[in-house]
Amino acid sequence: MSSIFTRLIPPTLGRDLPASFVVFLVAMPLCMGIAIASGVPAERGLITGVIGGIVVGFLAGSPLQVSGPAAGLAVIVFEFVREHGVDTLGPVLVAAGAIQLLAGAMRVGGWFRAISPAVVHGMLAGIGILIVLAQIHVLTDALPKANGLDNLVAIPAAFFNFVSGPNGNRPGAVIVGLVTIVAMIGWERIRPVKLKLLPGALVGVLAGTLVADLGAMAVKRVEVPENILSAVALPASGDWSRLTEPAMIIMALTLAVVASAESLLSAAAVDRMHDGPRTQYNRELGAQGVGNILCGLAGGLPMTGVIVRSSANVQAGAASRASTILHGSWILAFLLVLPMVLKLVPTAALAGILVVTGWRLVSPAHAFHLHERYGLATAAIWLATMVMVVATDLLTGVLTGLVLSLLQVIPHFVRGPLKIEGGAAKTVQGGTIEAVPELRLSGSATFLQLPHLNEALERTPEGTPVRLAAENLRHVDHTCLEMLREWATRRAKSGARVEITGGGASGLHHSLAAVAHAAPKD
């Protein structure tokens, strides 16, 4: 009985409870804004936030990661809903979740980590551009166009004609949106230490709403039902029958792959923020699948693990999954008790939040980082992926990036794939001779063997020195190198020494030496 009580009320509740409030405040405006950006009612995003918090939070393989509607999927959903209608989204989402659940059961979660960071960041940059281009129109209380290029072409007309156009609300909407952006960015830069956990997104929405109310501006407001449970509806039988259509199958596969990649890469990033339990990737993938199945059945949006809410969770001091579960409970309680408050929020304020979020997804710093550390070819993959996502569609952009990544590593793979041999090596430490675990690496380490390399590294004993013998390692691509750096950094923080021998030709020693021999941080 006591074990059940401990599981329900963890000893870390003193840290998890305040963290859950912070994540709740971050999640509320993002859930609504992403729903509107996806072309669906705001309550659909909130439903996903509830399921992502309560259900996925309980099942997740990454205890501190927060799941919910993701800006990265808004563009895909918007185009799909525009072409096929919102009613078909539920069955497709159930199918996508089933694919994720099956993939987790087949233990392929680790393979998603093998996707090149250049492709992932290029995909997110392209999505960020599309979000900004679409939300600029929402800032004028207008509807976004069908695709990114149309939105770009229509921007001058939207701003030159918003005063004389048929929608007299537009000047007020633009003011509300700009106030929201300025308040959000300004608060994040000047907020006092005592209020550092108060999220900028919430401050921005409050500022935009206050300006709209004090100015008596006739701007569009968020529309939510009086009873959130009335928004929960199973897909109709006719919608299920459309799952055999090629467009539905492609959409389900696209959602499954993109949502899985974003969730697992977010989980890897969260692991770098704390020293607690590491992510169980296959369990996390299965939990995301269960969540998306429930979202499809309940009329929600697709979900992923999301880095903004997850980082807020870690920074607020969360210590267990209780924080994530509680944040979903607060969203549900708010919707049941105070839904009328949401109707005060202007849609232009939410658009302002998403403009900032989209620009941060673009993050040109990633391109400079890739170029500086891995060369022009890797940065070119980032650029090509981003351009193709904006100019065509997300699937074409990602496939372009994957093909270019494959072309980049094939010559090295053909000359000899990675070989890993385990053993022990003698080293002198403090005047005594000690045996340490050793991994001997030879050939070429590319993303095609990343799961194999990661598995070998994770098998090394915790808390003991490890030697990487890389004299015969000819090449390491940036995907494997990023993973090696994360592993070495994590071991250094735990007090374990990592030694690198050789690796000059591959650049491994130069790239990892500073991390491997860094003093553990207190």
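Below, all heavy atoms of this structure are taken into account, side chains as well, without hydrogens, waters or symmetry copies.
Between the side chain of Arg474 and the backbone N or O of Arg415 there is at least one donor-acceptor pair closer than 3.5 Å. In terms of modelled atom types and a separation under 3.5 Å, the side chain of Gln288 and the main chain of Leu285 share no donor-acceptor contact. Of the possible polar contacts, one joining the Arg44 side chain to the Gly299 backbone as a donor-acceptor pair under 3.5 Å is found. In this structure, Arg242 contributes its side chain and Thr88 its backbone to no donor-acceptor pair below 3.5 Å. At distances below 3.5 Å, at least one donor-acceptor pair connects side-chain atoms of Asn282 with backbone N or O atoms of Val108. Here the side chain of Ser310 pairs no donor or acceptor atom with the backbone of Gln65 at under 3.5 angstrom. A donor-acceptor contact shorter than 3.5 Å links the side chain of Thr48 to the backbone of Leu301. Checking side-chain atoms of Asp477 against main-chain N and O of Phe447 turns up a donor-acceptor pair under 3.5 Å. Between the side chain of Asn313 and the main chain of Ser20, no donor-acceptor pair closer than 3.5 Å is present.
A salt bridge links Arg360 to Glu188: one of the charged nitrogens lies within less than 4.0 Å of a carboxylate oxygen. Between Glu438 and Arg440, at least one side-chain nitrogen of the basic residue sits less than 4.0 Å from a carboxylate oxygen of the acidic one, meeting the salt-bridge criterion.
We find the CD1-NE2 distance between Ile420 and His452 to be 4.0 Å, quoted to the nearest 0.5 Å. The distance from atom CH2 of Trp111 to atom OH of Tyr281, rounded to the nearest 0.5 Å, is 15.0 Å. The distance from the CD atom of Glu284 to the CG atom of Leu264 is 6.5 Å, given to the nearest 0.5 Å.
Between the side chains of Thr446 and His412, no donor N or O sits under 3.5 Å from an acceptor N or O. Checked by atom type, the side-chain pair Gln100/Asn292 shows a donor-acceptor distance below 3.5 Å.
Applying the side-chain contact (heavy atoms from CB on, under 4.5 Å) rule to Val120 yields the partners Ile115, Leu124, Leu265; only residues at least two apart in sequence or on another chain are considered.
Summarising the local packing, CH2 of Trp359 is surrounded by 12 or fewer heavy atoms from other residues, nucleotides or ligands at distances under 6.0 Å.
Relative orientation of the Tyr374 and His369 rings is perpendicular, given thresholds of 30° and 60° on the angle between their planes.
Of all non-hydrogen atoms in Ala259 and Leu73, the two that sit nearest each other are CB-CD1, 4.2 Å.
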